[in-house]
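Heads up: the structure comes next, in structure tokens.
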Number of protein chains: 2
Amino acid sequence: VDFYQKEYKVNNIKHLYPMNNLDLLARYSDLIVRVGANVQPGQIVNVTAEAYHRELALRLVRKAYECKAAYVNLDLVEPRVTRERILHSSPEDLKYIPSYVESKYRELVDSQAAVIRLIGPEYPEVLADLDPGKVNSTRMAQYQAMKYFYDEGISHSKVQWTIAAAATPEWAKRVFPSLTGEEAEAKLWEAIFETCRVNRDDYLNQWKLHDITLLRRAEKLTQMGIESLHFTGPGTDLIVGLSPMAVFRGGSQESAKGFSFQANLPTEECFTTPDFRRTSGTVRATRPFLINGKLIRNLEVRFEEGNIVDFHADDGEPTFREYIHSDSGAKRLGEVALVGVDSPIYQSRIIFEEILFDENAACHIAIGSAYKFCLEGGTQMSKDELESVGCNESSVHTDIMISNERVDVTANLRSGEKVALLTQGKWADQ
Amino acid sequence: VDFYQKEYKVNNIKHLYPMNNLDLLARYSDLIVRVGANVQPGQIVNVTAEAYHRELALRLVRKAYECKAAYVNLDLVEPRVTRERILHSSPEDLKYIPSYVESKYRELVDSQAAVIRLIGPEYPEVLADLDPGKVNSTRMAQYQAMKYFYDEGISHSKVQWTIAAAATPEWAKRVFPSLTGEEAEAKLWEAIFETCRVNRDDYLNQWKLHDITLLRRAEKLTQMGIESLHFTGPGTDLIVGLSPMAVFRGGSQESAKGFSFQANLPTEECFTTPDFRRTSGTVRATRPFLINGKLIRNLEVRFEEGNIVDFHADDGEPTFREYIHSDSGAKRLGEVALVGVDSPIYQSRIIFEEILFDENAACHIAIGSAYKFCLEGGTQMSKDELESVGCNESSVHTDIMISNERVDVTANLRSGEKVALLTQGKWADQ
């Protein structure tokens, strides 16, 4: 009996490549489980995906068991459940999260599990028309329940975690509005496979080479002694200050247990934790981005002494306002990342409307929580110590893309020197 | 934006009735949430369903929120995950269940939640070809993790719980092997709607009348003072002894909080807890039934002093053997139930290969755990007291149908009188 004969919903990719689409999915599953999460024998594994993606998710489960995982849990999420909840619940009820959610994620952290998340919305607009305040408070309650997971599991890398994408017709139609649903879905799968390099026979080796490039670049940026980054371009003149402890990261990370993993598939960025007190100037977003299921278009923001003091967006302004008032850290930066226009995601010319891809197309800043592992000794610091070096804490974290071929990035070094890092969006050293 | 426009997989029922199939689904959701679980304002609700049923499950979620539930969790189960686990795991690994499973179900019990389960297998054979020992030990580990839920939540009725069915193509093909997949699925939906009475405009009133019938019959059986039930028919000559505390139940139950609920949709049985020490004789199953995903066909069993001492089955003998050796209670009875051939499920002449229906087509006995609420004062008794009145305890519970139009059931009363309860399968008092 073969329980995998049923046609998987990658309906239309079969003519894209001279190979069976199931082989491509097998490669992609292999990449996610072995390179992304790097599942180890005896490890607990948690896979989360929207229910739409269950055929791919099941392949990840199987692959994890093939890697000798001790136990694999699959959480299939029905996105419309949250919509029903918000539509019918009082603000008080929206704060409730059952305590087993917290204990579950605590257990995943304490057992040093591998955590895989598949993204790709079946209903991209499922929350877009709801009250931004209710949507945001629902998100915050969920965050509070998972705080230990984010603080210890993610920020201290106690788990190996990875996020990868799968196409859906509705998402694809937004990315390729001029195509029909089926053509769009095929094209989106093509973009996923290409940016994740699984259309190449030597995809595992390609990933190794790519990883080395990112690791070396991050190492070099850390060594430069950057005091601040200066972004200039149309609508943008922004200074992002870095602490002397700032460490750039890129490519594979290492878990507390010593296993490497790729947190994002694909990944093209080198990123670090800024000093949240030293952001100033104006910045214009170069791509739209989602907050609480609502697309924010043409955002312009002004920072003073680290805080957002003014902003404008053509779409999603109420959602953005609600979001940056979630807590005191939500108006401050928690990440700055450098990506060159040589990125295959930028080169694809596709706006994915999905941060996993769009953040790897351009330099970006993130409002909200910072990564402790991007500060020298950061994972060992107390809350007070982290605050004293400008490491931001917040319940939010959202990337805002701020570069393209018209943006330059200059590093102001502690030595007083100025070094052009990116010129017209392109890495200066290439 | 309407997130429910997508065609639901009840492809073929639209021509069965002179009404929209979505209206039938709305009625069915209404029945499950309001009559089955009887969700109360402020209550926590848990819905479990195979991922295949998510459109119907989502309607249950919405209906529960309409009943002002405080929080509704939807667990979508991918049945092939368990298959992958058993295929790849060592016997030792199969014993592992994350502790959050226990804490979750403990929380549902302690908060006196409403618990809804949709059954109907997408892959009826998903575990059928696997090692029966591994399948059974996986089931036992799951049972252990959920023991508090079964003992306190179900057996003490601390939760309102209900189980209802939804059709799948593969299940339907097994029920109607002479029909095509689509015709079979339509026919199975028709059977579900008819046996649950939602094809009638006054379905809520029909349920009330039916409930009164079952409640009165159970009351009458309890009052008779039955010392034992005697089943006779082809291959069957079985005595099932009852304790003086035995209480027959049928129709709606009442939760510890005082809310009525229907544990099974449909339901046609009046059932009680036998004295596990006093079963003797031979019995022939009149329908096949599933254990651990394997169909047991043409079972014949001999009991001596309460225990199975011999058995034979044409199919599934190794699975049955493994199951009754799960623990000391697995060879003994935990339930006896009376169902007349006037049951709409029997009258449909359909073998559903699904216990929710088949148990409501015929009298049945269950090996395994007994219901404490079927003994006078049983929910207040200690473990020792329960044992002393012959209330069986086990990690298993499986119904075995033992009647049809050739089986008689006689009650031996404590007064010495013999009363014919069912003659040729038919209630004698009707």
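We name chains A, B, ... by the order of the sequence lines, and we start the count at 1 in each one.
Heavy-atom neighbours of chain A within the stretch residues 33-51 of chain B, taken at a separation under 4.5 angstrom, comprise B/Ile44, B/Asn46, B/Ala51. Residues of residues 86-102 of chain B that come within less than 4.5 angstrom of chain A, heavy atom to heavy atom, are B/His88, B/Ser89, B/Asp93, B/Tyr96, B/Pro98, B/Ser99, B/Tyr100 in numerical order. Taking non-hydrogen atoms and a 4.5 Å limit, the residue list of residues 106-115 of chain B in contact with chain A, ordered by number, reads B/Glu107.
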Applying side chain to side chain contact (heavy atoms under 4.5 Å, CB included) to B/Leu76 and A/Glu78, what does each step give before you reach the verdict? CA-CA 8 Å; B/Leu76 292 174; A/Glu78 167 50 70; 3.9 Å; yes
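Rounded to the nearest 0.5 Å, atoms CZ (A/Arg54) and CZ (B/Arg54) are 8.5 Å apart.
Residues A/Val81 and B/Val72 share a closest heavy-atom pair of CG1-O, 4.1 Å.
Between B/Glu55 and A/Arg80, at least one side-chain nitrogen of the basic residue sits less than 4.0 Å from a carboxylate oxygen of the acidic one, meeting the salt-bridge criterion.
Heavy-atom contacts from other residues, nucleotides or ligands closer than 6.0 Å to CZ of B/Arg85 number more than 12. Atom CZ of B/Arg139 has more than 12 neighbouring heavy atoms from other residues, nucleotides or ligands inside a 6.0 Å radius.
Listed by chain and residue number, nothing satisfies the salt bridge (charged side-chain N to carboxylate O under 4.0 Å, His left out) test with A/Glu354 (two or more places apart in sequence, or in another chain).
Only the side chain of B/Val61 has a heavy atom closer than 4.5 Å to any heavy atom of chain A.
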